[in-house]
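Working notes for the structure below.
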Amino acid sequence: MSRSETMKTVLVAGAANLILAVTKLIAGLLAGSSAMLAEGAHSVADTLNQSFLLTSLRRSERPPDRRHPFGYGNERYFWSLLAAFGIFVAGAGFSVFEGVLTMTGHGGTGTSVWLAYAVLALAAVLEGTSWIRAYHQARKETRDNGRDLVDHVRRSPDVTFKTALFEDTAAMIGLALAAAGLTLRELTGSDFWDGLASVLIGVLLVVLAFAIGRESMGLLIGQAADPAAQRRIHAEITGAPGVTGVDELLTMHFGPEQILVAAKVHFSDDISADQAEDVAGEIDRRLRERIPTVRHVFLDPTQRTPRHRTPTQGTPTQGTPAQGTPAQGTLAQGAPAQGEGSPSGGASVIKNAPG
C-alpha cells in the first residue's frame, strides 16, 4: 500500500472525471438523453469524490500530537464515507429521478445523437485509462504480498484506492448502459429505453455507494489486521526468547499504513522484569522490521491461569494476588503513559506492580 501510488491513481481518475463531467452534460442536453445526463451526474459525483479522497490523503499524513497520539490515519475513512454519500445523493438520486421522468414521458428532446456517441467513445478512452491505472496499482501490490487480485482488493485497508477502483469499474459499466439505452431509443423510437438506462445507472451508483460506505464504516470503527498479518505478528511474539505464550492478541488499523498491536504475553519465570523489557523492545524492533505497517506495540506480561486445580490455603484464587505476587494493570517503570512520549517509540510494556 503506497501513498504515492494511491495519489497517482486518484489524480488520474479526478482528471478524467472532470473532463467527462462537462462533456457528458453538454452531450446529454443536446441529444436529449436522460442516460447521458445520468452519466454526467455520475462524473460530477466522481469528480467531487476525488477531491474528497485527495483531501483525505493530505490530512491523514499529519503527524501525531497530544490530542491524537496515534495520528490522523483514520481520517481517510471519514472522507471516503463522505464520498459514498456524495455518490448516493449527487449521482444515484439524480439518475433515478431523471430516468423516471423520461420513462413517464416528461423527458427532454434533442437531435445531436452523434455527439452523445462521440462523448461515450471519449469517455471509454478516459475512464479506461483511469481504470487501467487503478488495476496497475492493484497488480503491483499483489506482486508484493503474493495474493490474488480479488483477495487483495477485498482485504486491502486502503479504502481510498478501493474507492477509485470501484468508481472506475462502475463508470465502465455505466457507459455500456448509456450506450445501450441510447441505441435502443434510436432503434425503437421510444424514450422508455433511455429512461430505463438512466434508472439502471442510478441503481448501479446505489450499489457503489453502499459498498464504499460499508468499507469505510468497518475501518472507521476499528478493524483488525487481516488474519495473515495477525498470524505473522503472533509468530514473531511467540518466537522471541523468554516468551512462553500469547494469551490474547489484539490489532487495529489506524489508517491503511498503521497497525496497533496489543498482546497479553506469558514470559518465562526465569527472566527478570528488566530482561522482559529488553525482550519487549526486541519484539517491537522485529515486528517493525518484518511488518512495516506495525507502528505501535503494547505488551502486557500476564501469568498463566492454573487449570483444574482446587485452591488451597496459601494458594491465591483467580483475581486475588498472593503476597509478593504482582497485580496487573500498572505501567512499567519508564514506560510512557497514553498520550505521552514518542507515538512511534518502542514497545510499551504494561508491567506487574509489586504487591
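The figures that follow rest on heavy atoms only: side chains count, while hydrogens, waters and symmetry mates do not. Note that the coordinates shown come from a computational prediction; the quantities given were computed from them, not determined experimentally.
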Evaluation steps, side-chain contact (heavy atoms from CB on, under 4.5 Å), between I291 and I233:
CA-CA 8 Å; I291 311 172; I233 293 169; 3.5 Å; yes
State, with a plain yes or no, whether a side-chain heavy atom of V44 is found less than 4.5 Å away from one of L25.
yes
Side chains of S80 and L53 in contact at under 4.5 Å (non-hydrogen atoms)
yes
In this structure, would L200 and I173 fall into the same cluster of hydrophobic residues linked by side-chain contacts under 4.5 Å?
yes
For atom CZ of F192, is the number of surrounding heavy atoms from other residues, nucleotides or ligands below 6.0 Å larger than 12?
yes
Are any non-hydrogen side-chain atoms of V113 and L182 less than 4.5 angstrom apart?
yes
ILVMFWY network linking L204 to F210, side-chain heavy atoms under 4.5 angstrom
no
Crowding at CZ, R285 (>12 non-hydrogen neighbours, <6.0 Å)
yes
For a quick check under 3.5 Å, do D194 and S33 share a side-chain donor-acceptor pair by atom type?
yes
Indicate yes or no: at least one non-hydrogen side-chain atom of F161 is less than 4.5 angstrom from one of L165.
yes
Please say yes or no: joined through hydrophobic side-chain contacts below 4.5 Å, possibly via intermediate residues, are Y135 and V153 part of one cluster?
yes
Side chain proximity check, L175 to E127, heavy atoms < 4.5 angstrom
yes
What verdict does the salt bridge (charged side-chain N to carboxylate O under 4.0 Å, His left out) test give for D158 and K162, after you've listed the backbone C-alpha separation in whole Å, the side-chain angles of each residue and the deciding distance to 0.1 Å?
CA-CA 6 Å; D158 190 351; K162 292 168 83 167; over 6 Å; no
Following the transitive rule for hydrophobic clusters with a side-chain heavy-atom cut-off under 4.5 Å over Ile, Leu, Val, Met, Phe, Trp and Tyr, establish whether W131 and L205 coincide in one cluster.
yes
Given the rule in the salt bridge (charged side-chain N to carboxylate O under 4.0 Å, His left out) test, do D168 and R133 qualify, once you have shown the distances and angles that lead to the verdict?
CA-CA 10 Å; D168 290 339; R133 168 63 213 177; over 6 Å; no
Which value, rounded to the nearest 0.5 Å, describes the distance between Q50 atom CD and T55 atom OG1?
11.0 Å
In terms of ring plane angle, is the pair W79 and F52 parallel, tilted or perpendicular, where the classes change at 30° and 60°?
tilted
Could you check if a side-chain atom of F267 sits within less than 4.5 angstrom of a side-chain atom of T302, using non-hydrogen atoms only?
no
For a quick check under 3.5 Å, do Y117 and T183 share a side-chain donor-acceptor pair by atom type?
yes
